[in-house]
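Step one of this worksheet: look at the structure below.
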Number of protein chains: 2
Amino acid sequence: MNSKSIRQKEIAEKTGFSINTVSLALKGSPRISEETRSIIMECAKQLNYIPNVVARSLVQKKTNTIGIILTELMNPILTETAQEIEQILKKSGYNMMLMITNSSPEQEAEALDVLVSRQVDGILMYPVFTANFAKIKLLRDNKFPIILLAGGDYELPTDAVYVNRREGAYKAATHFIQAGHKRIGFLGGGNYSDKEKQNGYFAALQDNHIPFDPSLVGRVQSDGYDAGYASIEELYKNAMPTAVICTRDYIALGAMRWCRERGIRIPEELSFIGFDDTAAASFAEIPLTSVKYDVKAVTEKATELLFQRIDEKDKSVAMSIQKISIQPRLVIRQS
Amino acid sequence: MNSKSIRQKEIAEKTGFSINTVSLALKGSPRISEETRSIIMECAKQLNYIPNVVARSLVQKKTNTIGIILTELMNPILTETAQEIEQILKKSGYNMMLMITNSSPEQEAEALDVLVSRQVDGILMYPVFTANFAKIKLLRDNKFPIILLAGGDYELPTDAVYVNRREGAYKAATHFIQAGHKRIGFLGGGNYSDKEKQNGYFAALQDNHIPFDPSLVGRVQSDGYDAGYASIEELYKNAMPTAVICTRDYIALGAMRWCRERGIRIPEELSFIGFDDTAAASFAEIPLTSVKYDVKAVTEKATELLFQRIDEKDKSVAMSIQKISIQPRLVIRQS
DNA sequence: TTGTACGCGTTATCAC
DNA sequence: GTGATAACGCGTACAA
């Protein structure tokens, strides 16, 4: 291999065949005789020929690239989502262009533009800012394959595969209620996904005729361990809950640490349930009960649906929007 | 925007200018008059023109894409590495194609081939299997920009930016020795990076004239929490260490849990040091002393070097191989 | 079975 | 200032 790369043209010149024959032979077309094929293949190997996928993409109007838009990567759920998707795509001959938005609407819009401009065959995106709904709808209207990995409740006519967070919180609250708890707290942030959880929590209270006390809802500033540690105090002192639902495992773990430092016994005096069933939940000092987010189910369904959309794109079949909801499961531990 | 996308050709037809003029106007060439430029821009906006980056890449021989090859994503260090790199690349106008190898040499080789085939402008890769050294060397020999994010000690003439793990383990062991420990254990796996750490551990013992007892070195089967939990027993019972260096935070945390369950006091009876300074280390019941892996330093240096190589590629300047070593830092906590 | 001609969408070169 | 024309590397009709 020389410093400049080898093209089909060179192989054609070396072997004396036309570029066309080389092209066909390299991809094993039955129209080329076994003999010429082996000559060409041999020459290609010797020169270390590497096909130029860019040129192929241009003529085939297919890049075999899927764009993934995530808000961040440090959240364990998203880490796993990215990894799973990469594995699935690879098996189907696709590769993955990863875009991180830092939860910024501008970066999200930019990511969409870049991916479309790069002619990706489809997009998977996780959570969505309402600011970019118009852009997403436009893509969808043009049959551009795009699947949302959240927000099934959004008023947006787009395919979506997501975990039903509302249902998860409902299950968590019901679990507490059945254990006899009356004063159940809720600790979360102000984002859309936490609001959904809060709605599930409200619904469970209502269905079980438990009066709601606003002081039982606490707010966290971020969704990390420190935020849980810092926020539980106010909630605990103001509302005196006997159980608390936290919108993230880390929030719960931080809150639990605060309790331990003050001798508040878990779960005797105060119980906790977190979300996502991260590794940290299972190996905490007091293993944390958590609402499991089934990443594999989401990524499998989402990619399956995406591939279907890509297939349908040229075939001009009518496609009805699909909203696939994955039911979360409560992983009960000792908290 | 219709279902089929708009090209420069359509704008040319609509406005009456040539395709060439359209192309120049869209990128704000000074050679086009202000008047025609605004006409073309207006038309482009109305038709919702989106440039085709694939075509541009073909003619410019530049994709503005960087390939990243990682063994996995769930390891917190790699998660952060991926996220940081994405951010840096974006700022410089690049996007990121992410490949996960699952620590399989075959997948690693495949990833390299795919990325080269896709004409990426450069590759960043983290750890490396000796099986693919020849392939990497070949790329490097052809001036293909590729930077390794590990293995500065490898006998491979390739640019690398990495954290000096040997030095980290040396510091950890020295820390224990200065605290008066004589029987210092080592718990790690058999991979290259753990071997490096083990060498640092040996060196510190030797430099401090502490005789080495082979039973003090324990092996883990994986690098998770469970592996630490499962492996510490044998090491503890066989060698009776008073301090243990674990090659990963999670291994240490698992081992610490085993100790707690048996009433072994930390750090009075047994001390621990982990690697990577993950979040879990800081909020463990007994916060874990850890060798910090400075992800930001690595990603910044690595991308900087990569951009430099990309610049140099056409300019045919002689480039000497760079091995940039980042010094790790011991984050001392209570373990 | 193989070769010719053309197109993918854009940029680059050179005229005018 | 603007417009032909060629080129990037490959795939696909169609012809031979």
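In what follows, chains carry the letters A, B, and so on, assigned in the order in which the sequence lines appear, proteins first and then strands, with residues in each chain numbered from 1.
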Q: Taking the side chain as every heavy atom from C-beta outward, state whether A/Tyr162 and A/Leu149 have any atom pair closer than 4.5 Å.
A: no

Minimum-distance nucleotide (side-chain atoms of [X] versus [options]):
X       : options               : answer
A/Leu58 : D/dT2, C/dG9, C/dT10  : C/dG9
A/Ala55 : D/dG9, C/dG9, C/dT1   : D/dG9
B/Arg7  : C/dT10, D/dC10, C/dG3 : C/dT10
B/Val59 : D/dC10, C/dG3, C/dT11 : C/dT11
B/Lys27 : C/dA12, C/dT4, D/dG11 : C/dA12

Roughly, in whole Å, what's the span from [atom1] in [X] to [atom2] in [N]?
X        : N      : atom1 : atom2 : result
A/Ile11  : D/dC10 : CD1   : P     : 8 Å
B/Arg37  : D/dT2  : CZ    : P     : 12 Å
A/Gln60  : C/dG7  : CD    : P     : 18 Å
B/Leu26  : C/dT10 : CG    : C1'   : 11 Å
B/Ile32  : C/dA12 : CD1   : C1'   : 13 Å
B/Gln119 : D/dC10 : CD    : C1'   : 11 Å
A/Arg118 : C/dC8  : CZ    : P     : 23 Å
A/Lys62  : D/dG11 : NZ    : P     : 14 Å

What nucleic acid atoms does [X] come within less than 4.0 Å of, heavy atoms only: base, sugar-phosphate, or nothing?
X       : value
B/Arg31 : base
A/Ser57 : nothing
B/Gln8  : base
A/Asn20 : base
B/Lys61 : sugar-phosphate
A/Ser33 : sugar-phosphate

Q: Verify the distance criterion only: is there a donor paired with an acceptor across the side chains of A/Ser104 and A/Thr101 at less than 3.5 Å?
A: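 The answer is no; no qualifying pair exists.
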
(Q) For the residue pair A/Arg118 / B/Ser57, report whether a side-chain donor-acceptor contact shorter than 3.5 Å exists. (A) no

Q.
On DNA chain C, compare the nucleotides closest to A/Ile19 and A/Pro30; which residue's is nearer the 5' end?
A. A/Pro30

Q. Should A/Ser23 be listed as having a side-chain N or O under 4.0 Å from OP1 or OP2 of D/dC10?
A. no

Q. Given C/dG9, is OP1 or OP2 found less than 4.0 Å from the side-chain N or O atoms of B/Tyr49?
A. no

Q: Starting from the 5' end of DNA chain D, give me the residue, A/Pro51 or B/Thr21, whose nearest nucleotide shows up first.
A: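 Residue closer to the 5' terminus by nearest nucleotide: B/Thr21.
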
Q. Got more than 12 heavy atoms from elsewhere within 6.0 Å of NZ, A/Lys14?
A. no

(Q) For A/Asp121, run the salt bridge (charged side-chain N to carboxylate O under 4.0 Å, His left out) check against A/Lys61, A/Lys62, A/Arg309 and tell me which one passes. (A) A/Lys62

Q. Counting distance only, does the side-chain N/O of B/Asn142 pair as donor-acceptor with the main-chain N or O of B/Leu138 below 3.5 Å?
A.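 Such a contact is found between B/Asn142 side chain and B/Leu138 backbone.
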
